[in-house]
Amino acid sequence: MMSRLLFTSLFVGALALAGGCAKSEPPNTSDGADSPASTAADADSQHASAAMPESGVDYHSLANTGDYRVQHLDLDLTVDFERKVLEGEAVLQVERLTDENPPLVLDTRDLEIEQVKAGQGGDMAPVKFRLGEKDSHLGTPLEIQLPPEATSVSIAYRTSPGASGVQWLEPRQTAGKKHPFLFTQAQPTHARSFVPLQDSPQVRITYKATIRTPKALRAVMSANNDPKAEKDGVYEFEMPQPIPSYLIALAVGDLEFKPMGERTGVYAEKVLLDAAAKEFEDTESMLEATEKVYGPYRWDRYDLLILPPSFPFGGMENPRLSFITPTVIAGDKSLVALIAHELAHSWSGNLVTNASWRDLWLNEGFTTYLTNRIMQLIYGDERYRMEMALGYDDLQADLADRPDKDEIMAIDLRGRDPDEAFSNIPYEKGSLFLYELEQKVGRENFDRFLLNYFNHFSFQSITTEDFLAYLEKTLLKQYPDKLDAARVRQWIYEPGIPEGAPHPMSDAFSKLDPVRQQWLDGKIRAGDIDTQGWTFHQWKYFLDGMPEKLSAEQLRELDAAFGLTESKNNEVAFSWLMIAVRNDYQPAYARLESFLTGIGRNKFVRPLYRAMVETGKKDEAARIFENAKAGYHPLTVKVNSRVIYGDEQG
Ligand SMILES: [Zn+2]
């Protein structure tokens, strides 16, 4: 998903905190990914022990992926806004990996199963099935008795109105206010709440879908969208490249399309369309620049879908159609690192995919590294350094705050919610690790390595140990005098960051430190500070570096000089509101309430609620939350009720 970082962030901020669902026991029997399982095993042998999770095992799926592999999905779903239900049929093509005939076990969550048929090709007959016991994190296994030769399974089902991966919005929650809106968010383990399937990132499938909607609305998916498709209430899709289930995505709304370039365009509600197309007009250049360094874009078109403000993340890298929060439309392209991030996932994540959520850093660390590189290619060195420096600060903040075991890139998630993996560790520590490799072997050499890596593992799901084995055969072998296998393992398997790790810095930021200090010392007035040309990065750095406590007079002075309470940039507003909450600055409270009510992006919402609770404003937090929650995504509701009311209600 998105990244935690600043802009990029999606998930992290978002989810991370967010809380999704999965959890616990060692469910799965899946063997390695479609990847070199043997090398994975070898590489892992040094690390494997009862105390370590097994490489390649997905602890967050109940599916028996070692017995069967789903290859293809045909979906036919009707979107019922009144009942808040998706209803229809999923047909799975299944490869059998065993001569025995065990039941096929699929992942589901809160699905109502009407009928299951199985057979060969289109020749199917009803078969026995049963839903197992519900696990609060993993969902409910669907066990299907397959006839010995059956390779096709058809499941007639409907979703529940509270499906964890589907958000239904009332017209008033949209930008246009006239029509309802629906979007799905499958990562990490929510696809199972709207399709019965093997919901594991190591199972890749192709899919086709027919989506039936009210006539006024348009459906789009992570597939071959046709901007010219007539709005007739029936939409056909095909995703011919094999993708993991967490990349299946659907949205339905009063959507229009505007092209931005030959291969890029925007889908959005009409009132947002022009602003979005303008804000993100560099997307085509980003795509071309990325291809030049990391190899061809393999997904045909790259479009953006702008979601309503309740979208809980910054963005989600759904293939061919990234889902994007409208909170990054700032009017000055200052937050478009998010677009670079989602685009970069077309290589790191979507093309080469983490085999389990333990391996998330392979998705997000590589993507964060690529994001910085893309930003440099398009916007130059200074921006590159500022983005890197902010990421580094985020990482330091997380390292100060997390238990050692969660500072490990290959994180042990057994018995845990996979959302807990989405911290700055996979994103920023992962990126810093790659940056160190780049520094040591030289940028050109490292770029060549990445290009080859993406080709070598394209359309595969791989483990941390697959990566290590590959690194050993390539860079570690080529540059024995520059790289050291023990240090690489320290980065991946140990907490913290190794001594001597790079420390990205920005001159533009260093200049701000003395200015801030002079103001704090009362030597200059806020109004004397030359903020001409400051980007949001500088504002954020300037504000985030303020001491915990400021006086009422200082707050009034800053606000009067810079209009911070009214800032239109959501990142700047957020940094300011955090200061306002910590210091009980009443003049900002109306904005705080409208900010929390108007936006559902967890990266912003959660820290603000948390700061309110920590500074004795729990009642006020609860009052705003109760008003706002009808407009929030289920994940936002879940994670923030934890923050406000404590764990037991999460
Ligand atoms: Zn991401």
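Indexing begins at 1, ligand by ligand and atom by atom, following the structure's order. Given the structure is predicted, the values throughout are model-derived calculations rather than measurements.
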Any N, O or S atom of E364 closer than 2.8 Å to the Zn ion (ligand 1): yes
When the aromatic ring centroids of F595 and F604 are compared, is their separation below 6.0 Å? yes
H341, N/O/S atom nearest the Zn ion (ligand 1): NE2
In H345, what N, O or S atom is nearest to the Zn ion (ligand 1), if we give its atom name? NE2
So, H537 and E387: side-chain donor and acceptor under 3.5 Å apart, yes or no? yes
R263: side chain to side chain donor-acceptor pair (under 3.5 Å) partners, not counting sequence neighbours: E291
Report the residues that fulfil side chain to side chain donor-acceptor pair (under 3.5 Å) with N224, sequence neighbours left out, ordered by chain and then residue number. none
